[in-house]
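Single-structure report; data block below.
Keep in mind that this is a model prediction, so the values were computed, not measured. Nothing fancy with the numbering, it's 1 onward along the sequence.
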Amino acid sequence: MALIRLEPARELQTLQQEVNRLFGAAVDSGAVGNGEIPRRWIPAMDLLEEEEHFVLRADLPGVEADSINVELQDSVLTISGERAPEHRVQDGAYQLIERAWGAFSRSLTLPERIDPDSVQASFNNGVLEVRVPKPEERRPRRVAIDVADQPPVIDSPS
């Protein structure tokens, strides 16, 4: 029987590499020609579940409303768009650029049977809010059991 040495740090590194590969967001450790480190912009999102709606809120500062797309196809809600770079060298030169820009796309899988025509989206102060009504759920129904000498009773739980 061979003994295998456990190396938690290496296992965590392997897991991180697999997650990066899976989501296509691997971070380049090298710099490009002008010393700038390439970054991918992924907007932050919150998904809330209210009594009758799913509510998605995404922070999209600096994004023009007409460059945002919201699509629902086969129970997958996708928001996508693009934030243009704002840095233009005129009289001076930038010494540091940290804000990311570029195209983005985020997708979430929602329950089936959502009506695409009932989805509503609004954009205010750099926050996109998408409201998705929950699908009607089938209510459980109690099935009557015939008992000798008693009539069956059928009711639905409240």
Review point. With a 3.5 Å cut-off and no angle check, do the side chains of S105 and S80 form a donor-acceptor pair?
Key: no
Practice item. Report the C-alpha separation of F123 and I68 in whole Å, then their side-chain angles, then the decisive distance to 0.1 Å, and conclude whether the side chain to side chain contact (heavy atoms under 4.5 Å, CB included) test is met. Key: CA-CA 9 Å; F123 187 62; I68 301 171; 3.6 Å; yes
**Study point:** Working for side chain to side chain contact (heavy atoms under 4.5 Å, CB included), residues E71 and L77
**Key:** CA-CA 6 Å; E71 297 178 3; L77 177 69; over 6 Å; no
Check your understanding: Is any side-chain heavy atom of R106 less than 4.5 Å from a side-chain heavy atom of I42?
Key -> yes
Check your understanding: Say you draw a straight line from CZ of F54 to CD of E49; how long is it, rounded to the nearest 0.5 Å?
Key -> 4.5 Å
**Study point:** Main-chain N/O of E82 paired with S67 side-chain donor or acceptor, under 3.5 Å
**Key:** yes
Practice item. Determine, step by step, whether V76 and L110 satisfy the side chain to side chain contact (heavy atoms under 4.5 Å, CB included) criterion, reporting the C-alpha distance in whole Å, the side-chain angles of both residues, the deciding distance to 0.1 Å, and the verdict. Key: CA-CA 6 Å; V76 177; L110 299 172; over 6 Å; no
Point to revise | R57 side chain to M45 backbone, donor-acceptor under 3.5 Å | key: no
**Study point:** Reported CD-to-CG distance for the pair E112 and D74, which is rounded to 0.5 angstrom
**Key:** 9.0 Å
Check your understanding: Side-chain heavy atoms under 4.5 angstrom apart, residues restricted to Ile, Leu, Val, Met, Phe, Trp, Tyr: same cluster for L72 and L47?
Key -> yes
Exercise for review: Could you walk me through whether K134 and E51 pass the salt bridge (charged side-chain N to carboxylate O under 4.0 Å, His left out) test, one step at a time?
Suggested key: CA-CA 8 Å; K134 289 183 179 179; E51 189 171 325; over 6 Å; no
Review point. Is there side-chain contact between L56 and I79, with heavy atoms separated by less than 4.5 Å?
Key: yes
Check your understanding: What do you reckon, is CD of E50 surrounded by more than 12 foreign heavy atoms closer than 6.0 Å?
Key -> yes
Exercise for review: For L60 and V127, run side chain to side chain contact (heavy atoms under 4.5 Å, CB included): C-alpha distance rounded to whole Å, both residues' side-chain angles, the deciding distance at 0.1 Å, then the answer.
Suggested key: CA-CA 6 Å; L60 303 174; V127 178; over 6 Å; no
Check your understanding: So do V130 and V55 actually touch side chain to side chain, heavy atoms under 4.5 Å?
Key -> no
Check your understanding: Okay, side chain of R131, backbone of V119: is any donor-acceptor separation there less than 3.5 Å?
Key -> no
Point to revise | Considering all heavy atoms, the nearest A100-R83 contact | key: O-NH2, 2.6 Å
Check your understanding: Side chains of L128 and V70: closer than 4.5 Å at any heavy-atom pair?
Key -> yes
